Amino acid sequence: MKMKWLPIAAAVTAALASQAVFAVDFHGYFRSGVGVSDNGDMQTMNKFRVGRLGNEAETYSEVQLGQELYNKNNQTFYVDSMFAMVANQQGRDWEGTGDNSAEFALRQFNVQAKNLFGGNETFWAGKRYYQRHDIHISDTYYWDVSGAGAGVENIEVGPGKLSVAVVRNDPWDAIYKGDTEANTQYRLDANGNFVLDDKGNKIKIDDRVNTNTFDIRYAGIPLWTDASLEVGYDYAMANLTDEQERQNPDYKDGHMFTAELTQSMLGGFNKTVAQYFLDGLAKQGVDYGAGSGNGLSQAASSGDGFRLINWGVLPVGDKVEFGHQILYAQANGLDKDTTDMDTFSAVVRPMYKWNDVMKTIAEIGYFNDNKDAGGVKTNSNGAKYTLAQAWSAGPGFWARPEIRVFASYMQEDGNFRENSNGVKEDDAWNVGVQAEAWW
């Protein structure tokens, strides 16, 4: 008799499992490929400055699972999660240790409750990607305070929506005075002397600074036809321990102000962004940072800076789409060693559609950095040129999955590996193939 029940039990179990599977939201992202250069492994440059096409040499993936667990009287509770993995392409298909190891991270795990207060707002807590603003063609996140925290977003106030949040973003930034040999910090007593253990050894300390970022933004402010404005303020506050306060009582918090104008046009869009940085976040613009508290730095605690960005994607007729990035940032009065810095970046990515699944993509990127360190001025610049033949699930700029075969040429003084004569090479050629998808 037991044997007769086994097929029925298996069928019931399968049915229940299938219902659970269909109820789960499954999203994700990945990119992966392989490339070689004219001198061994594929060479890369800073993609924030020159663009990412033909300039990524790793496997990166995100798997996102979520499910609505409650829905009654127009009030819902939703649990969201995301796991990520990154690995280089060295070795075989099994990432081991050392240079061939993979890194895993829990990027998101949170609860989102909607319409609890009757205003269609979302009350959330946990770890999450929080309203990130980025430039896709260079993978540059210029407004991103993601982390563990809580907040209320999309509160209807006047013509726009208000969002407020507190997110934990800890930097690893030395704040202690004294012995810094081998980049190690040591504990000091109230008189400035090293604290010793029972064997007479100096006690090492953790220089992590507990930092919370307070984020407030007001989005969707209507302007003229097909144009809107979003404004926001971020305050990165260092929550020092008593010992940290004693060691460095002048430790500076950081501030970031952002305004973003979005204009829809021709079936595409254009964004213009203006940002101002102050005190501990002063270098965020020239560092291509996102204003998160993990970018809090005392190396720039007395300075200020700004960043201007224009980027977007626009169609040109039926066959061509055009993505671009123009970025300029400047920081002043940073410290005694580096008083002023500025950076300029321009990236363009035109795309020609042959049919619904095949396209040809080009990307050209250029950057120019200047630094004034105590009156000694230095300059660095470089460029990248990429041509790719791609096949994607649709003809549009954002159509994915996509497989691309690419060739890249990049140039930057002394940036690449040494040749057989021990001389630093200024340029490199890459060829390779990459797949990218999101769903």
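Source: prediction; values computed, not measured.
- In this structure, Phe269 and Trp311 have perpendicular ring planes: the angle between them is above 60°, well past the 30° mark.
- A salt bridge links Lys359 with Glu402; the closest basic N to acidic carboxylate O contact falls under 4.0 Å.
- Between Trp429 and Tyr409, the ring planes are tilted. Angles from 30° to 60° get that label.
- Relative ring orientation between Tyr70 and Phe77 is described as perpendicular, the plane-to-plane angle rising above 60° on a 0-90° scale split at 30° and 60°.
- Ser81 and Gln108 are not linked by any side-chain donor-acceptor pair at a separation below 3.5 angstrom, with hydrogens and angles left out of the test.
- Between Thr386 and Leu53, the shortest heavy-atom contact is OG1-O, 3.1 Å.
- In this structure, Arg128 fails the cation-pi test against Tyr130, since its NZ or CZ atom is not both closer than 6.0 Å to the six-membered ring centre and inside 45 degrees of the ring normal.
- Rounding to the nearest 0.5 Å gives a distance of 6.0 Å between CG of Asn415 and CE of Met45.
- Looking at heavy atoms from C-beta onward, Pro159 lies in side-chain contact with Tyr218 at the 4.5 angstrom threshold.
- With respect to Glu260, the salt bridge (Lys or Arg N to Asp or Glu O under 4.0 Å) criterion is satisfied by exactly one of Lys271, Arg217, Arg307: Lys271.
- Ion pair Glu412/Lys384 not flagged as a salt bridge, since none of the NZ, NE, NH1 or NH2 atoms sits closer than 4.0 Å to an Asp/Glu carboxylate oxygen.
- Asn381 and Tyr366 are not linked by any side-chain donor-acceptor pair at a separation below 3.5 angstrom, with hydrogens and angles left out of the test.
- Geometric assessment of Arg31 against the ring of Trp438 yields a negative cation-pi assignment under the 6.0 Å and 45° thresholds.
- Using a cut-off of 4.0 Å between Lys/Arg side-chain N and Asp/Glu carboxylate O, Lys252 and Asp250 are scored as not salt-bridged.
- With respect to the salt-bridge test (charged N to carboxylate O, under 4.0 angstrom), the residues Lys371 and Asp342 do not qualify.
- For Tyr328 and Phe344, the gap between ring centers reaches or exceeds 6.0 Å.
- Using cut-offs of 30° and 60° for the angle between ring planes, the Tyr352 and Trp354 rings count as perpendicular.
- Listed here is the closest heavy atom pair of Ser345 and Val347: OG-CG2, 4.1 Å.
- Inspection of the Glu58 and Gln89 side chains reveals no N or O donor paired with an N or O acceptor under 3.5 Å.
- No more than 12 heavy atoms of other residues, nucleotides or ligands sit less than 6.0 Å from atom CD of Glu103.
- Panel note: side chain Glu363, backbone Arg349; no donor-acceptor pair is recorded below 3.5 Å.
- Here the side chains of Val286 and Phe306 are not in contact, with every heavy-atom distance at 4.5 Å or above.
- Summarising the local packing, OH of Tyr129 is surrounded by more than 12 heavy atoms from other residues, nucleotides or ligands at distances under 6.0 Å.
- In terms of modelled atom types and a separation under 3.5 Å, the side chain of Asp80 and the main chain of Phe109 share no donor-acceptor contact.
- A side-chain hydrogen bond (donor to acceptor under 3.5 Å, both in side chains) with Asn169 is found for one member of Thr213, Asp234, Asn210, Asn294 and no other, namely Thr213.
- Within a 6.0 Å radius of CG in Asp318, no more than 12 heavy atoms belonging to other residues, nucleotides or ligands are found.
- Side-chain N/O atoms of Tyr288 and Thr343 include a donor and acceptor closer than 3.5 Å.
- Among pairs with a residue in residues 112-124, those fulfilling side chain to side chain donor-acceptor pair (under 3.5 Å) read Asn110-Gln112, at least two apart in sequence or across chains.
- Side chain to side chain, His133 and Tyr141 fail the donor-acceptor criterion of an N or O pair below 3.5 Å.
- Inspection of the His324 and Asn310 side chains reveals an N or O donor paired with an N or O acceptor under 3.5 Å.
- Between the side chains of Asn71 and Glu68, at least one donor N or O sits under 3.5 Å from an acceptor N or O.
- Side-chain contact of Tyr29 with Gln64: a donor-acceptor pair under 3.5 Å is absent, judged by distance alone.
- Looking at Asp253 and Tyr235, their side chains do bring a donor and an acceptor atom within 3.5 Å of each other.
- Asp144 places a side-chain N or O within donor-acceptor distance of the main-chain N or O of Ser146, the cut-off being under 3.5 Å.
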